[in-house]
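Source: prediction; values computed, not measured.
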Amino acid sequence: MAYQFFRNLMIYRLTKTLDWSAEYLQSQLEQGKFYPCGQGDMQKFGWVPPLKTSDLLHFSVGKQRLLLAKKEEKMLPTQVVKRELEQRISELEQKENRKLKKVEKQALKDDVVATLLPRAFSKYQQTAIWIDTDKQLIYVDAASSKRAEDVLALLRKSLGSLPVVPLAFANEPSSVMSHWVSNNTTPAWLIPLEDAELRGSQDNAVIRCKQQALDAEEILSLLQAGKSITKLALEWEGYLSFVLNEDGTLKRLKFSDEVRGKNDDILKEDVAQRFDADFVLMTGILTHLTDNLLDDFGGEKERL
């Protein structure tokens, strides 16, 4: 299996040192191992091996740890349940010549769900977590805070404790990005792309720009009028492109062909070696990216 490069980044700061030793981590993750839904289960959520050819529930290189959470959800369309329930209620009310009570209808609904569940389709979702135990940072490959919080809650349950806070920059990203575009002062290592989102501080109006030069008069006028950049597409040439959001999260990560092909000299049969090499490559680039962003946004915001 080829390594799946992260497509989104939600970064969290560990506020307390934890035990990330391989043996301890494996024993704790085992308690939350993923098992498929049984006939009566609506969903299951747990850990699976990041490397398919291994039974380990973590992949470790030096001080870096990679975990993979898997969720299975049974898809029961509301309309299907509603139709079956209404039919059963109608039949029972006619048979007993009376209106069913609310509690009786709920019991019928539970029975309908239990009957339909074994035939329901499953939807699967996997979420990767990378833990940099050296810098005390956790990276979640998730586009929504809900998905990130769900997998962090699973890790917290497995470890017994997981004190984390979202990584916050000292200077507001929206203000910094707006300044970059207004004054043409984007850091030399970054290239602004023609994709951004602007919003006013006093209203809810959102302006989305696609394939629009950001140094155009219209954009600069909006910024001068008080609008701020809340999303900005950027490229780190030779490495990757991404969208930086006002909350410091990164989305739509796309690693360059040069990066993706860097380990092509490793034989496809050497699955573990390629996985290892790509993980080391990705974590090295993203660590450097995080350091660069912290530098350009004034460091990390002090926690009270």
Trainee: Side chain to side chain donor-acceptor pair (under 3.5 Å) with Ser122: which of Glu72, Lys44, Lys71?
Mentor: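 Passing option: Glu72.
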Trainee: What do you reckon, is OH of Tyr239 surrounded by more than 12 foreign heavy atoms closer than 6.0 Å?
Mentor: no
Trainee: Counting C-beta onward and ignoring hydrogens, is there a side-chain heavy-atom pair between Leu250 and Leu293 closer than 4.5 Å?
Mentor: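 Yes, close enough: below the 4.5 Å cut-off.
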Trainee: Identify the two heavy atoms, one from Thr15 and one from Val164, that lie closest to each other, and give their separation to 0.1 Å.
Mentor: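 Looking at all heavy atoms of both residues, the shortest contact is OG1-N, 4.4 Å.
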Trainee: In terms of hydrophobic clustering (I, L, V, M, F, W, Y; side-chain heavy atoms under 4.5 Å; direct or indirect links), are Val280 and Trp20 co-clustered?
Mentor: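 In one cluster with Val280: Trp20, no.
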Trainee: So do Leu68 and Trp47 actually touch side chain to side chain, heavy atoms under 4.5 Å?
Mentor: no
Trainee: Looking at Arg7, I want to see if its CZ is surrounded by more than 12 non-hydrogen atoms of other residues, nucleotides or ligands under 6.0 Å.
Mentor: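 No - once you tally the heavy atoms of other residues, nucleotides and ligands closer than 6.0 Å, there are 12 at most.
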Trainee: Is the shortest side-chain N to carboxylate O distance from Arg98 to Glu104 below 4.0 Å?
Mentor: yes
Trainee: Does atom CG (Asp265) have a neighbourhood of more than 12 heavy atoms from anything else shown, all under 6.0 Å?
Mentor: yes
Trainee: Looking only at heavy atoms, which two atoms of Ser178 and Ser228 are closest? And how far apart?
Mentor: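 Closest approach of Ser178 to Ser228, heavy atoms only: OG-CA, 3.4 Å.
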Trainee: Do Thr127 and Arg147 pair up side chain to side chain, a donor and an acceptor below 3.5 Å, judged on atom types alone?
Mentor: yes
Trainee: With a cut-off of 6.0 Å (strictly less than), are more than 12 heavy atoms of other residues, nucleotides or ligands near CD of Glu91?
Mentor: yes
Trainee: Any chance the side chains of Glu197 and Thr230 put a donor and an acceptor closer than 3.5 Å?
Mentor: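 Checked: Glu197/Thr230 side chains pair up, N/O donor to acceptor below 3.5 Å.
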Trainee: Could you tell me whether Asp264 and Arg274 make a salt bridge, using a distance below 4.0 angstrom between a side-chain N and a carboxylate O?
Mentor: yes
Trainee: Using a cut-off of 6.0 Å, state whether more than 12 heavy atoms not belonging to Asn183 lie near its atom CG.
Mentor: yes
Trainee: Considering residues, nucleotides and ligands other than Glu96, do more than 12 of their heavy atoms fall under 6.0 Å from its CD?
Mentor: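 Enclosed.
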Trainee: Identify the heavy atoms of Ser174 and Glu246 that sit nearest to each other, and give their distance.
Mentor: CB-CB, 4.2 Å
Trainee: Is the distance between the ring centroids of Trp236 and His288 under 6.0 Å?
Mentor: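 Centroid separation for Trp236 and His288: below 6.0 Å.
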Trainee: Quick one: sort the Trp130 and Phe279 rings into parallel, tilted or perpendicular, breaks at 30° and 60°.
Mentor: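 Correct class here is perpendicular.
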Trainee: Can you name the one residue among Arg252, Lys231, Arg208 that meets salt bridge (Lys or Arg N to Asp or Glu O under 4.0 Å) with Asp195?
Mentor: Arg252
Trainee: Would you say the ring centroid of Tyr139 lies under 6.0 angstrom from that of Phe6?
Mentor: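 Centroid distance Tyr139-Phe6: not below 6.0 Å, so no.
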Trainee: For residues Phe275 and Leu66, determine if any side-chain heavy atom of one lies less than 4.5 Å from a side-chain heavy atom of the other.
Mentor: yes
Trainee: Where does the angle between the aromatic ring planes of Trp180 and Phe297 fall among parallel (under 30°), tilted (30 to 60°) and perpendicular (over 60°)?
Mentor: tilted
Trainee: Would you compute the distance between atom CZ of Arg88 and atom CG of Leu108 and round it to the nearest 0.5 angstrom?
Mentor: 7.0 Å
